[in-house]
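For reference, the structure discussed in these notes is given below.
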Amino acid sequence: MKLLVLNGPNLNFLGIREPEIYGRATYADLVRLIESYAAQNGFSVECFQSNHEGDLVDKIQQAYGHFDGIIFNPAAYTHTSVAIADAVKAVGLPTVEVHISDTTKREAFRQVSYVRAACVATVQGLGFDGYLKAADILREILK
Ligand code: CA2
């Protein structure tokens, strides 16, 4: 199993600001956690973070034929981007939407997710462990 882990805008700032919402661990810590979970569980991962909508769309398209599934925290683009939702739908790879925080308990504008309809599951409010749970979900689907 080969998974692509995508993170959207500002998640490179993890651990630097807003620790009360996103915790104190950094983006590098997140990548280390996911890579060591993959090594322990016998699958491979590539992690990619971008602040740019088009770069995320390009990376989703490039995943076609190269990855078995996608773990995706589109960050603010969750709530705004039809282009990203269309890209996930277009490649047809099983994709799990992940959010570190529980968006259901936050502002009204975070209650909309354009990408959700294109995803096989949503995991939110579990902190970094949500990415590991997403990998477990994809492993079940892909086996
Ligand atoms: O909870 C999540 O994972 C979110 O996807 C994070 C996004 C937010 O727009 C979504 O509604 C929920 C924001 C990511 C910003 O990350 C920061 C990290 C540290 C400091 C500031 C922002």
Side-chain angles (χ1 to χ4, degrees), residues 1-41 43-64 66-142:
M1 178 169 85
K2 204 171 163 198
L3 300 182
L4 176 64
V5 182
L6 287 180
N7 278 288
N10 298 307
L11 287 163
N12 55 320
F13 249 56
L14 285 169
I16 299 170
R17 300 251 312 124
E18 301 190 58
E20 67 289 354
I21 302 174
Y22 302 112
R24 292 196 179 279
T26 64
Y27 177 72
D29 294 330
L30 174 62
V31 170
R32 261 192 298 273
L33 176 75
I34 295 166
E35 287 179 347
S36 76
Y37 192 72
Q40 281 160 24
N41 289 279
F43 62 91
S44 74
V45 278
E46 179 184 328
C47 296
F48 177 81
Q49 186 277 331
S50 178
N51 294 324
H52 305 282
E53 187 175 23
D55 288 350
L56 292 164
V57 170
D58 286 344
K59 198 72 187 175
I60 293 162
Q61 290 187 2
Q62 287 157 13
Y64 184 75
H66 296 279
F67 289 91
D68 302 307
I70 302 174
I71 295 172
F72 193 9
N73 184 346
Y77 289 139
T78 307
H79 318 300
T80 63
S81 178
V82 176
I84 281 175
D86 282 350
V88 171
K89 257 185 235 147
V91 297
L93 292 169
T95 298
V96 178
E97 175 189 10
V98 174
H99 299 288
I100 296 166
S101 65
D102 183 354
T103 61
T104 66
K105 303 215 163 71
R106 300 184 65 190
E107 301 93 328
F109 66 84
R110 295 186 204 276
Q111 305 313 311
V112 172
S113 169
Y114 286 97
V115 80
R116 193 156 302 165
C119 292
V120 294
T122 298
V123 178
Q124 58 178 327
L126 299 182
F128 285 7
D129 285 348
Y131 292 83
L132 311 185
K133 180 156 187 209
D136 292 344
I137 291 169
L138 288 171
R139 199 164 33 184
E140 274 303 307
I141 288 171
L142 291 165

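We count residues from 1, following the sequence as given. Everything numeric in this text was worked out from a predicted model, so none of it was measured. Counting starts at 1 for both ligands and their atoms, in listed order.
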Q. Are R110 and E107 ion-paired here, with the side-chain N under 4.0 Å from a carboxylate O?
A. yes
(Q) Please check: side-chain N/O of D58 versus main-chain N/O of D55, any donor-acceptor pairing under 3.5 Å? (A) no
Q. For ligand 1, what are the residues with a heavy-atom contact below 4.0 Å?
A. P9, N10, L11, F13, L14, R17, E18, Y22, N73, A75, A76, H79, H99, I100, S101, T103, R110
Q.
Tell me whether E46 is salt-bridged to K59, with the criterion being a basic N under 4.0 Å from an acidic carboxylate O.
A. yes
(Q) Whether D136 and K133 form a salt bridge (side-chain N of Lys/Arg under 4.0 Å from carboxylate O of Asp/Glu) is what I want to check. (A) no
Q | Closest non-hydrogen atom pair, P9 against P74 | A | CD-O, 3.6 Å
Q. Among I70, V45, L93, whose side-chain contact (heavy atoms from CB on, under 4.5 Å) with L3 holds?
A. V45
